[in-house]
Amino acid sequence: MPPVTVLLSEVDHPLVRKANDQFSAPSGPRERIKAVDDTVMFKVKVQRWRGALVDAGEPSWLVAAGIREDGSRDDFYAALAESLKLARTRYNAEHAPSLATQTHSAGLLPTAEDKDRYRAEAGVRLLRELRAAVHGVVHASLLDGYEHTAEISGAELGVVVRAVEDNATYVALRIVGSVPTDLVAVVLSLVPGCDRDGWYPEFAMPERPLRANEQAYSNLMDPVAAAELLEAHDGA
């Protein structure tokens with residue numbers, strides 16, 4: 001299992017890529033695995049790979065996978081159905097009342113641990129989005145010295161970056177909206193080349209007072225980090 005910083009949906013595998021492409025839209029080609037009757041599962045096929053996917057809202061789950069053997073078209077799905085029928089037999093032998101379905105797929109469905117993993121990945125996705133937004137407005141302001149804005153988690157972020165005396169680079173950052181304090185701290189930490197403990201509250205932005213519901217902070221940016229950000233964006 002890769003670390004949580006590697007999103008499972010981005011695992012480099014043909015079947016994962018195919019599932020992403022096929023089920024990225026709410027509607028599209030869907031072929032149900034008819035032999036599985038206790039859970040709605042759909043087929044995912046690419047090259048010799050075969051998979052079973054449960055599409056029950058956000059997210060979809062690829063719950064089983066295998067390889068089609070030479071000379072057989074649907075052997076994976078037949079074997080999957082047979083294993084789920086055996087699971088149903090074992091369940092009925094140990095529980096009452098008996099299942100009325102022909103299959104029992106609970107053992108393949110996402111567990112609480114799987115869902116915890118997905119929620120943790122949501123934090124990684126948010127951090128990626130925040131980093132891209134922060135770096136984007138910092139880069140834009142580095143180019144012209146004006147304030148640039150971006151939307152982050154329902155709030156508006158504004159950044160001004162300007163050169164000041166002694167070859168220093170001044171950064172002013174403001175946020176408008178109801179933003180948790182911990183999110184503000186994360187946003188400030190994502191500004192490249194700034195000391196995390198060097199941010200100071202401000203009562204105005206360069207050349208204008210603060211508006212209602214605005215929070216503003218300032219810091220100095222390392223010129224080397226500023227140059228690296230410019231180079232990274234120009235080369236992207």
Side-chain angles (χ1 to χ4, degrees), residues 2-12 16-17 20-21 23-26 58-59 118-236:
V4 71
T5 51
V6 179
L7 307 186
L8 295 183
S9 59
E10 297 178 356
V11 170
D12 186 18
V16 175
R17 292 194 295 270
N20 287 336
D21 292 341
F23 292 87
S24 59
E58 178 67 27
Y118 181 74
R119 283 190 287 269
E121 288 189 359
V124 176
R125 291 186 183 91
L126 175 59
L127 186 60
R128 285 184 181 182
E129 294 169 3
L130 291 175
R131 179 178 290 108
V134 171
H135 285 202
V137 291
V138 171
H139 173 260
S141 190
L142 276 168
L143 293 175
D144 60 19
Y146 291 102
E147 182 176 344
H148 289 263
T149 62
E151 293 292 325
I152 56 165
S153 298
E156 183 180 82
L157 168 70
V159 171
V160 177
V161 185
R162 290 181 179 174
V164 293
E165 58 186 19
D166 298 328
N167 296 319
T169 303
Y170 170 82
V171 181
L173 180 149
R174 56 90 174 173
I175 298 178
V176 183
S178 179
V179 182
T181 302
D182 54 352
L183 182 60
V184 174
V186 171
V187 170
L188 295 178
S189 73
L190 293 175
V191 180
C194 290
D195 183 354
R196 293 192 179 192
D197 297 323
W199 291 99
Y200 292 95
E202 292 285 359
F203 299 97
M205 288 291 286
E207 302 178 356
R208 71 167 179 83
L210 293 184
R211 305 186 183 103
N213 298 321
E214 275 190 329
Q215 306 174 58
Y217 305 86
S218 67
N219 206 336
L220 293 178
M221 176 185 289
D222 178 5
V224 174
E228 291 175 347
L229 180 63
L230 287 170
E231 183 178 356
H233 273 255
D234 293 342

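All values below come from the heavy atoms of this structure, side chains included, with hydrogens, waters and symmetry mates left out. Predicted model only: the values in this text are computed from it and were never measured.
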>> Between Val161 and Val159, is the side chain to side chain contact (heavy atoms under 4.5 Å, CB included) condition met? List the steps.
In response: CA-CA 7 Å; Val161 185; Val159 171; 3.7 Å; yes
> Should Val160 and Tyr170 be marked as a side chain to side chain contact (heavy atoms under 4.5 Å, CB included) after you check the CA-CA gap, both sets of side-chain angles, and the distance that decides it?
Replying inline: CA-CA 8 Å; Val160 177; Tyr170 170 82; 5.8 Å; no
>> For a 4.5 angstrom cut-off between non-hydrogen side-chain atoms, does Thr169 reach Val164?
In response: no
> How close do Pro206 and Ala172 get, heavy atom to heavy atom, and via which atoms?
Replying inline: CD-CB, 3.7 Å
Inter-residue atom distance [X].[atom1] - [Y].[atom2], 0.5 Å rounding:
X	Y	atom1	atom2	result
Glu231	His139	CD	NE2	11.0 Å
Ser153	Ile175	OG	CD1	9.5 Å
Met205	Tyr217	CE	OH	12.5 Å

>> Out of the candidates Glu156, Glu202, Gln215, only one should pair with Arg174 under the side chain to side chain donor-acceptor pair (under 3.5 Å) rule; please name it.
In response: Glu156
> So, does Ser141 use its side chain to make a donor-acceptor pair with the main chain of Val138 at under 3.5 Å?
Replying inline: no
>> For the backbone of Asp195 and the side chain of Asn219, can you confirm whether one donor and one acceptor N or O come within less than 3.5 Å of each other?
In response: yes
> Would you call Arg208 and Glu147 a salt bridge, using N to O less than 4.0 angstrom?
Replying inline: yes
>> Among residues at least two apart in sequence or on other chains, which ones pass salt bridge (Lys or Arg N to Asp or Glu O under 4.0 Å) with Arg125?
In response: Glu121
>> Please determine whether side chain to side chain contact (heavy atoms under 4.5 Å, CB included) holds for the pair Val191 and Met221, giving the CA-CA distance in whole Å, both sets of side-chain angles, and the decisive distance to 0.1 Å.
In response: CA-CA 8 Å; Val191 180; Met221 176 185 289; 4.0 Å; yes
>> Does Asn20 form a side chain to side chain contact (heavy atoms under 4.5 Å, CB included) with Val16? I'd like the steps, not just the answer.
In response: CA-CA 6 Å; Asn20 287 336; Val16 175; 3.8 Å; yes
> Cys194 pairs by side-chain contact (heavy atoms from CB on, under 4.5 Å) with which of Leu220, Val171, Leu173?
Replying inline: Val171
>> If we count only N and O atoms by modelled type, under 3.5 Å, do the side chains of Tyr146 and Glu207 hold a donor and an acceptor together?
In response: no
Distance-only donor-acceptor hits, side chain of residues 2-9, under 3.5 Å, sequence neighbours excluded:
none

Which pairs would a plain distance check flag for residues 126-137, meaning a side-chain donor or acceptor within less than 3.5 Å of a matching protein atom at least two apart in sequence or in another chain?
from	atom 1	to	atom 2	distance (Å)
Arg128	NH1	Glu10	OE1	3.2
Arg128	NH1	Glu10	OE2	2.7
Arg128	NH2	Glu10	OE1	3.1
His135	NE2	Leu190	O	3.1

